[in-house]
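Remarks on the structure that follows.
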Amino acid sequence: MVWVKAGLLILYGILGYVAFNRPLTIPAQISQAALVLLVFGHSLECYLYQRQMREAPGAYWGHFVQVFLFGVAHKIIMDQDIRDLDL
């Protein structure tokens, strides 16, 4: 899962570079739209996964940042941690 998160960070970096260093081009507009959609989508995920973030071991705000950045990829890790607590 570390590789998935690293890949997402690289993707975010590429989107940010294209969005803000190549203004007024079609790729920049597409990158800006993708970043806006990612912010809204991951904000919704943070809202929907609040229960899991509170139940998972560790700091709530740490999980909040991880879910905001990585979404479902971090939710899978949280669910595994919660199952490990139940054992």
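Only a predicted model underlies this, so the values are computations on that prediction, with no experimental measurement involved.
- A search for side chain to side chain donor-acceptor pair (under 3.5 Å) contacts involving H74 returns K5, H63, not counting sequence neighbours.
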Passes side-chain contact (heavy atoms from CB on, under 4.5 Å), V67 versus H42? Steps please. CA-CA 7 Å; V67 169; H42 286 216; over 6 Å; no
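- Taking a cutoff of 4.0 Å between a charged side-chain nitrogen and a carboxylate oxygen, K75 and D79 qualify as a salt bridge.
- The hydrophobic clustering, which links ILVMFWY residues whose side-chain heavy atoms are closer than 4.5 Å, places L35 and L9 together.
- Annotation: the span from Q52 atom CD to Q50 atom CD amounts to 10.0 Å, rounded to 0.5 Å.
- Between the CE atom of M78 and the CZ atom of R54 there is a distance of 11.5 Å, given to the nearest 0.5 Å.
- F68 and L8 fall into different hydrophobic clusters, defined by Ile, Leu, Val, Met, Phe, Trp and Tyr side-chain heavy atoms under 4.5 Å apart, directly or through other members.
- By the rule that hydrophobic residues join a cluster once side-chain heavy atoms approach within less than 4.5 Å of another member, Y47 and Y49 end up as members of one cluster.
- Residues passing the side chain to side chain donor-acceptor pair (under 3.5 Å) test with Y60: none are found, sequence neighbours excluded.
- V18 and A28 get closest at one heavy-atom pair: O-CB, 3.5 Å.
- Using a 4.5 Å cut-off between side-chain heavy atoms of Ile, Leu, Val, Met, Phe, Trp and Tyr, with links allowed through other members, W61 and I77 fall into the same hydrophobic cluster.
- The distance from the OG atom of S31 to the CG atom of L11 is 9.0 Å, given to the nearest 0.5 Å.
- Residues satisfying the side chain to side chain donor-acceptor pair (under 3.5 Å) test with D81, not counting sequence neighbours, are none.
- Partner of Y17 under the side chain to side chain contact (heavy atoms under 4.5 Å, CB included) criterion, out of I14, N21, L15: N21 alone.
- A chain of hydrophobic side-chain contacts below 4.5 Å, direct or via other Ile, Leu, Val, Met, Phe, Trp or Tyr residues, connects I76 to L48.
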